[in-house]
Number of protein chains: 2
Amino acid sequence: MDRIARTTKDLGHVLREARKIQNLTQADLAARAGIWQRTVSNIETSASGAKVDTIFDLLAALDMELHIVPRSKMTPGDLEDIF
Amino acid sequence: MDRIARTTKDLGHVLREARKIQNLTQADLAARAGIWQRTVSNIETSASGAKVDTIFDLLAALDMELHIVPRSKMTPGDLEDIF
DNA sequence: ACAGTTAATGATCCAGCCATCATATTCTGG
DNA sequence: CCAGAATATGATGGCTGGATCATTAACTGT
């Protein structure tokens with residue numbers, strides 16, 4: 001699964017996958033994050049350019065965080081593939 | 001150096017450090033990213049809640065990307081510390 | 001201490017996100 | 001298929017970020 005984002009479209013996909021892994025509906029996640037299902041949908045489909053604060057609300061609700069790294073650097077996921 | 005961000009404040013700090021490591025001024029980075037020095041300053045100091053697209057512009061200019069990972073998962077940086 | 005570079009910040013305008021109501025559409029299990 | 005759940009989407013309005021002009025404050029090396 002791709003956890004890397006370079007665009008809002010990437011980010012939308014990653015967030016959607018993360019939500020599904022945790023078996024949450026958009027409404028569930030929205031409630032946890034204190035935002036609206038409408039907004040979750042917009043962000044997952046990159047229907048509109050979200051605000052950073054909203055993304056952090058979603059990440060916190062998913063118990064995830066951002067790692068800002070140089071491009072093409074090895075990731076934890078790569079290591080799991082190797083070991 | 002801390003490359004993890006859970007808040008806009010974290011993100012501002014990470015971006016500022018990344019910029020300094022590459023010896024860029026705010027004006028340099030702004031020019032590369034196609035935005036304004038004013039905006040770079042605002043984001044680094046988290047003076048305002050930035051838009052995600054602006055962040056991606058900055059990350060691209062810094063040749064960096066986002067990894068969205070579960071909290072407290074081991075990072076590439078950790079591995080460098082170990083090996 | 002000073003000159004020059006870099007960063008912070010004031011003010012205004014416009015575009016567009018999110019909140020908030022809603023309904024329509026798609027998906028899924030049985 | 002069909003009912004129910006899940007997701008997408010229409011419309012409006014307030015709020016605020018970024019663009020854009022600018023000046024001031026802070027920092028840096030010498």
Side-chain angles (χ1 to χ4, degrees), chain A residues 1-68 70-71, chain B residues 1-68 70-71:
Chain A
M1 200 251 302
D2 198 357
R3 293 186 173 82
I4 298 176
R6 296 183 180 183
T7 66
T8 46
K9 189 164 295 189
D10 293 343
L11 186 57
H13 292 155
V14 173
L15 288 174
R16 169 163 290 183
E17 290 313 308
R19 173 176 63 80
K20 290 193 171 177
I21 286 175
Q22 297 185 33
N23 283 308
L24 297 171
T25 67
Q26 289 183 346
D28 291 337
L29 179 57
R32 281 197 191 182
I35 63 179
W36 295 84
Q37 178 261 324
R38 173 59 183 267
T39 303
V40 174
S41 174
N42 279 344
I43 288 172
E44 288 187 354
T45 60
S46 35
S48 64
K51 294 182 180 179
V52 174
D53 304 275
T54 311
I55 300 300
F56 278 120
D57 287 343
L58 284 174
L59 290 173
L62 291 166
D63 199 45
M64 303 189 87
E65 64 193 7
L66 294 184
H67 290 208
I68 298 91
R71 289 192 176 184
Chain B
M1 200 248 304
D2 198 358
R3 293 186 172 81
I4 299 177
R6 295 182 180 182
T7 67
T8 45
K9 189 164 296 190
D10 293 343
L11 186 56
H13 292 155
V14 172
L15 288 173
R16 168 163 291 184
E17 289 314 307
R19 172 177 63 81
K20 289 193 172 178
I21 286 174
Q22 297 186 33
N23 283 308
L24 297 170
T25 67
Q26 289 184 345
D28 291 337
L29 179 57
R32 281 197 191 182
I35 62 178
W36 295 83
Q37 178 261 324
R38 173 59 183 266
T39 302
V40 174
S41 174
N42 279 344
I43 289 173
E44 287 187 355
T45 61
S46 37
S48 66
K51 295 179 182 177
V52 174
D53 304 276
T54 311
I55 299 301
F56 278 120
D57 288 342
L58 284 175
L59 289 173
L62 290 166
D63 199 46
M64 303 189 88
E65 65 193 6
L66 293 185
H67 291 209
I68 298 92
R71 289 192 176 185

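Lettering follows sequence order; numbering is per chain, from 1.
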Using whole Å, report how far CD of A/Glu44 lies from P of D/dA6.
-> 14 Å
Closest-nucleotide 5' rank along DNA chain C - winner of B/Arg16 and B/Asp53 | B/Arg16
Is any NZ, NE, NH1 or NH2 atom of the basic residue among B/Glu44 and B/Arg19 found under 4.0 Å from an Asp or Glu carboxylate oxygen of the other?
-> yes
D/dG18 phosphate, OP1 or OP2, under 4.0 Å from B/Ser48 side-chain N/O = yes
Separation of C/dA8 atom C1' from B/Arg19 atom CZ, nearest Å, is 12 Å
Out of C/dA19, D/dT9, C/dA7, minimum distance to the side chain of A/Thr39 belongs to C/dA19
Rounded distance (Å) that lies between atom C1' of D/dA5 and atom CD of A/Gln26 | 12 Å
When you measure from the side chain of B/Ile35, which nucleotide among D/dA8, D/dA19, D/dG17 comes out closest?
-> D/dA19
Which value, rounded to the nearest 0.5 Å, describes the distance between A/Leu29 atom CG and A/Leu62 atom CG?
-> 5.0 Å
CD1 of B/Ile55 versus C1' of D/dG17: gap in Å, rounded?
-> 11 Å
Side-chain H-bond candidate by donor/acceptor type, A/Asp28 with A/Thr25, under 3.5 Å = yes
Measure from NZ on A/Lys51 to C1' on C/dA15 and round the result to the nearest Å.
-> 11 Å
For atom CZ of A/Arg32, decide whether the heavy atoms of other residues, nucleotides or ligands shown that lie under 6.0 angstrom number more than 12.
-> no
Is there a donor and acceptor pair closer than 3.5 Å between the side chain of B/Gln37 and the base of C/dA8?
-> yes
Check: C/dG10 base within 3.5 Å donor-acceptor of B/Arg38 side chain | yes
A/Trp36 has its side chain closest, among D/dA19, D/dT7, C/dA19, to C/dA19
Taking the side chain of A/Thr25 as heavy atoms from C-beta outward, which of D/dG18, C/dA7, D/dA6 is closest to it?
-> D/dA6
Could you check B/Ala47 against A/Leu24 and say which one's nearest nucleotide on DNA chain D is further toward the 5' end?
-> A/Leu24
How would you label the contact of B/Ala50 with the nucleic acid (heavy atoms, under 4.0 Å): base, sugar-phosphate, or nothing?
-> sugar-phosphate
Separation of C/dC17 atom P from A/Asp57 atom CG, nearest Å, is 17 Å
Starting at NZ of B/Lys20 and ending at C1' of D/dT28, how long is that distance when rounded to a whole Å?
-> 12 Å
Are any side-chain N or O atoms of B/Thr39 and backbone N or O atoms of B/Ile35, one a donor and one an acceptor, separated by less than 3.5 Å?
-> no
Rounded distance in Å - CG (A/Leu29) to P (C/dC18) = 14 Å
